Each structure stands twice: as structure tokens, then as C-alpha cells.
Amino acid sequence: MELLQVKNLKKVYNTRLGGQQFTALKSVSFEISKGEFVAIMGASGSGKTTLLNIIASLDKATGGDIILEGKSLKEIKDRELSAFRRKNLGFVFQDFNLLDTFSVKDNILLPLVLSGENIDTMENKLKPLALRLGLEHLLHKFPYEVSGGEKQRTAMARAVITEPKLILADEPTGALDSKASAKVLSLFEELHQNGQTIMMVTHSSMAASHASRVLFIKDGELFSQLYRGKDTNREFFDKIVSNLSVLSEGGVDIG
Ligand SMILES: Nc1ncnc2c1ncn2[C@@H]1O[C@H](COP(=O)(O)OP(=O)(O)OP(=O)(O)O)[C@@H](O)[C@H]1O
Ligand SMILES: [Mg+2]
């Protein structure tokens with residue numbers, strides 16, 4: 001069954017000055033099955049974050065529909081949206097979005113606190129996750145006391161602790177060096193092997209080569225897609241790189 005259906009999605013921004021309009025998404029349609037790990041690539045400004053934010057219900061579409069497990073996001077009332085997001089979605093933002101006055105532990109537990117979990121359940125979920133992500137010795141530190149890679153792993157832990165149906169990540173390795181990136185990607189691979197559905201925006205062909213499918217976006221439209229099939233990461237990487245050169249023909253910057 002399709003976990004996510006994106007149907008003729010359109011987004012027009014009204015710019016503040018001059019009352020001009022900008023069409024960031026023209027008519028984007030695709031589906032993601034349960035358990036897929038999908039990477040989204042495209043030049044800077046092509047509409048990737050716009051797409052992710054609308055799927056995350058952080059922003060509203062101008063037209064079209066998003067359907068998660070058969071339910072249209074349009075049917076969800078505004079006052080139910082944050083509970084819906086907490087229950088179904090996990091986010092990893094490029095700038096981590098951690099709360100500075102909360103410890104690493106409290107940041108990770110935040111979505112569970114908001115949904116009213118009891119302390120024992122929270123501790124039981126936290127322990128194995130912190131171990132797996134190498135955060136167990138950092139739980140009482142604050143975000144400004146840990147490294148960029150550790151902040152990113154904290155953000156990952158916060159995104160997955162609720163066992164969301166869909167994980168949405170916007171350039172999760174964008175701010176990291178290659179070693180920290182590799183840790184983040186191996187966690188995604190492991191989650192994917194355990195059946196987790198993941199959507200990850202990335203500029204990095206290396207990061208995308210871990211996915212099972214790559215969607216390429218150009219000027220607010222779906223341009224093409226690549227399936228991994230039986231390719232190794234290396235073989236898939238080579239295909240992604242040559243697809244990007246086709247995508248960028250005409251001098252578009254790939255970022
Ligand atoms: N609030 C806004 N008002 C007007 N235009 C916007 C707004 N947000 C984004 N845009 C425009 O919409 C287009 C798509 O933006 P988006 O952030 O989705 O791009 P992106 O593919 O994520 O780029 P990047 O790789 O640089 O993050 C850009 O041209 C951007 O300038
Ligand atoms: Mg973006």
C-alpha cells in the first residue's frame with residue numbers, strides 16, 4: 001500500500017514586496033510506498049524544502065493534495081494538526097532546531113512529553129536509541145555544549161523516538177563533515193532495513209546513493225527518478241551523478 005500520495009501539488013508564494021507571485025511547485029505528483037527510502041535532489045531554489053514543508057503540514061499548498069495512509073491532510077482540522085504531526089511524522093531539519101535551554105535528553109524526549117507519555121515509557125525508549133546513536137554520555141549536556149554531528153544525532157533521535165510513519169529530513173548531512181555524515185546515513189540505512197519510510201532532501205550524491213529511489217526536481221516540477229534496483233551504493237552513486245548532469249544542462253546550479 002502507498003503510505004504517501006502527493007497529487008498535483010502546487011505552491012504559489014505571494015511575495016511581500018510588490019505583491020508579486022512566485023510559483024515554487026507547479027504540479028508535482030508521486031507516491032511513496034511503506035518502507036521506501038526516497039532521496040529528493042535538485043538545484044537550489046527548485047522547490048525541495050517547499051515540498052517537504054507542505055508534506056510536513058508546516059505550510060499549506062495552493063492546490064493539489066497530500067494523502068497519508070489514505071487520509072487527506074485537508075481533512076485534518078487546524079487544531080488537530082500538531083497532534084497529527086507528532087503521531088505520524090518525524091522531522092530532521094538542516095539547522096537541527098534544538099531547544100537551547102533543554103538538555104540533549106529533554107530535547108529527544110520532547111515529542112513524547114508533548115503527547116503525555118509516562119516517564120518509564122520515555123526512559124525505556126530513550127536508552128536503546130541513545131546507545132545506538134552514541135549519545136548516552138551526552139544526555140545531560142546542552143546543545144551548545146556538543147558538536148554539530150552530535151546535535152544532528154540528537155535531532156535524529158528526537159525524530160525517530162515516536163516511531164513515526166514517515167521521517168522527513170531536509171539536508172540532514174548538509175552541515176556535517178564526512179565522518180558525521182556517514183553516521184547519520186548509516187542510521188537511516190538501519191532504520192530503512194527495519195521498515196522505516198524515509199524522505200530525505202539532499203544535495204549530496206553520496207548521501208542519495210544510500211536511498212532506494214531518487215526523485216529529481218527542476219523548477220518546481222518532477223524531472224525524473226531513479227530506482228536503485230540491485231545496484232550497490234557505488235553503482236547507484238554513478239547513476240545519480242550522471243542524472244544530475246542531465247538535470248543541470250542549461251547551466252542550472254546544482255548547489
Ligand atoms: N516564503 C516565500 N516567499 C516567496 N518565495 C519563496 C518563499 N519560500 C521559498 N520561496 C521561493 O521558492 C523557491 C523554492 O524554494 P525552496 O526553499 O523550496 O528551494 P530548495 O529547493 O529547498 O532550495 P535549497 O536547495 O537552496 O534549499 C525559491 O525560488 C524561493 O526563493
Ligand atoms: Mg531547501
Side-chain angles (χ1 to χ4, degrees), residues 4 6-30 32 37-66 73 78 81 85 89-98 148 151-152 155-156 158-159 166-178 180-181 184-185 188 198-211 213-226 237 240-241 243-255:
L4 178 78
V6 175
K7 289 188 174 170
N8 305 317
L9 200 67
K10 190 175 173 185
K11 178 66 181 182
V12 179
Y13 286 113
N14 293 304
T15 53
R16 248 189 276 174
L17 294 174
Q20 284 172 336
Q21 295 198 319
F22 181 83
T23 303
L25 295 176
K26 287 173 185 156
S27 180
V28 175
S29 300
F30 62 90
I32 294 183
F37 179 5
V38 177
I40 314 270
M41 299 191 83
S44 179
S46 57
K48 304 178 300 293
T49 296
T50 302
L51 175 65
L52 217 65
N53 283 349
I54 295 174
I55 294 173
S57 69
L58 295 169
D59 194 2
K60 281 209 168 8
T62 311
D65 207 358
I66 309 275
L73 292 192
D78 280 349
L81 263 183
R85 273 200 294 268
L89 307 170
F91 310 98
V92 186
F93 298 98
Q94 183 173 12
D95 56 2
F96 319 131
N97 260 339
L98 298 176
K151 280 205 259 289
Q152 187 61 298
M156 295 273 285
R158 183 185 55 186
L166 177 64
I167 290 178
L168 299 162
D170 197 352
E171 300 198 32
T173 61
L176 305 181
D177 66 20
S178 58
S181 295
V184 165
L185 291 168
F188 271 154
I198 303 165
M199 222 177 132
M200 171 182 76
V201 166
T202 182
H203 281 282
S204 154
S205 302
M206 203 282 292
S209 71
H210 291 257
R213 176 159 55 124
V214 184
L215 299 179
F216 297 89
I217 293 188
K218 184 171 183 172
D219 302 332
E221 286 180 291
L222 196 58
F223 181 79
S224 58
Q225 57 178 323
L226 274 181
F237 173 86
I240 292 165
V241 170
N243 217 68
L244 279 177
S245 64
V246 176
L247 187 77
S248 66
E249 268 166 24
V252 181
D253 158 42
I254 290 292

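Computed from a predicted model, the values in this text were never measured in an experiment. For ligands, and for the atoms within them, numbers begin at 1 and follow the listed sequence.
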So is [X] close enough to ligand 1, meaning a heavy atom under 4.0 angstrom away?
X	value
G220	no
G42	no
H203	yes

Calculate, to the nearest 0.5 Å, the distance between atoms CE and CD belonging to M41 and Q225 respectively.
14.5 Å
Could you find the nearest protein heavy atom to [atom] and give me its residue, atom name and distance?
atom	value
atom 30 (C) of ligand 1	F22 CE2, 4.6 Å
atom 2 (C) of ligand 1	Y13 CD2, 3.4 Å
atom 26 (O) of ligand 1	S44 OG, 2.6 Å
atom 14 (C) of ligand 1	G45 O, 3.3 Å

Just which atoms of ligand 1 are under 4.0 Å from any heavy atom in [X]?
X	answer
T50	14 (C), 15 (O), 16 (P), 18 (O)
A43	21 (O)
T49	17 (O), 18 (O), 20 (P), 22 (O), 27 (O)
G47	14 (C), 18 (O), 19 (O), 20 (P), 21 (O)

Contact between [X] and [Y] at the side-chain level, heavy atoms closer than 4.5 Å - yes or no?
X	Y	value
H210	F188	no
L58	F93	yes
T49	E171	no
T50	Y13	yes
K11	T62	yes

Out of N243, V241, V214, which one pairs with S205 under the side-chain contact (heavy atoms from CB on, under 4.5 Å) rule?
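Passing option: V241.
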Closer than 2.8 Å to the Mg ion (ligand 2), do we get an N, O or S atom from S44, backbone or side chain?
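It does not; every qualifying atom lies at 2.8 Å or beyond.
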Under the 3.5 angstrom rule, does the side chain of K26 hit a backbone N or O of D219 as a donor-acceptor pair?
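Flag set: sc K26 to bb D219 pair under 3.5 Å.
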Any donor and acceptor pair, going by atom type alone, linking the side chain of K48 with main-chain N or O of I217 inside 3.5 Å?
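Pair absent, no side-chain N/O of K48 close to backbone of I217.
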Closest to atom 21 (O) of ligand 1 among Q20, Q21, K48 (heavy-atom distance):
K48
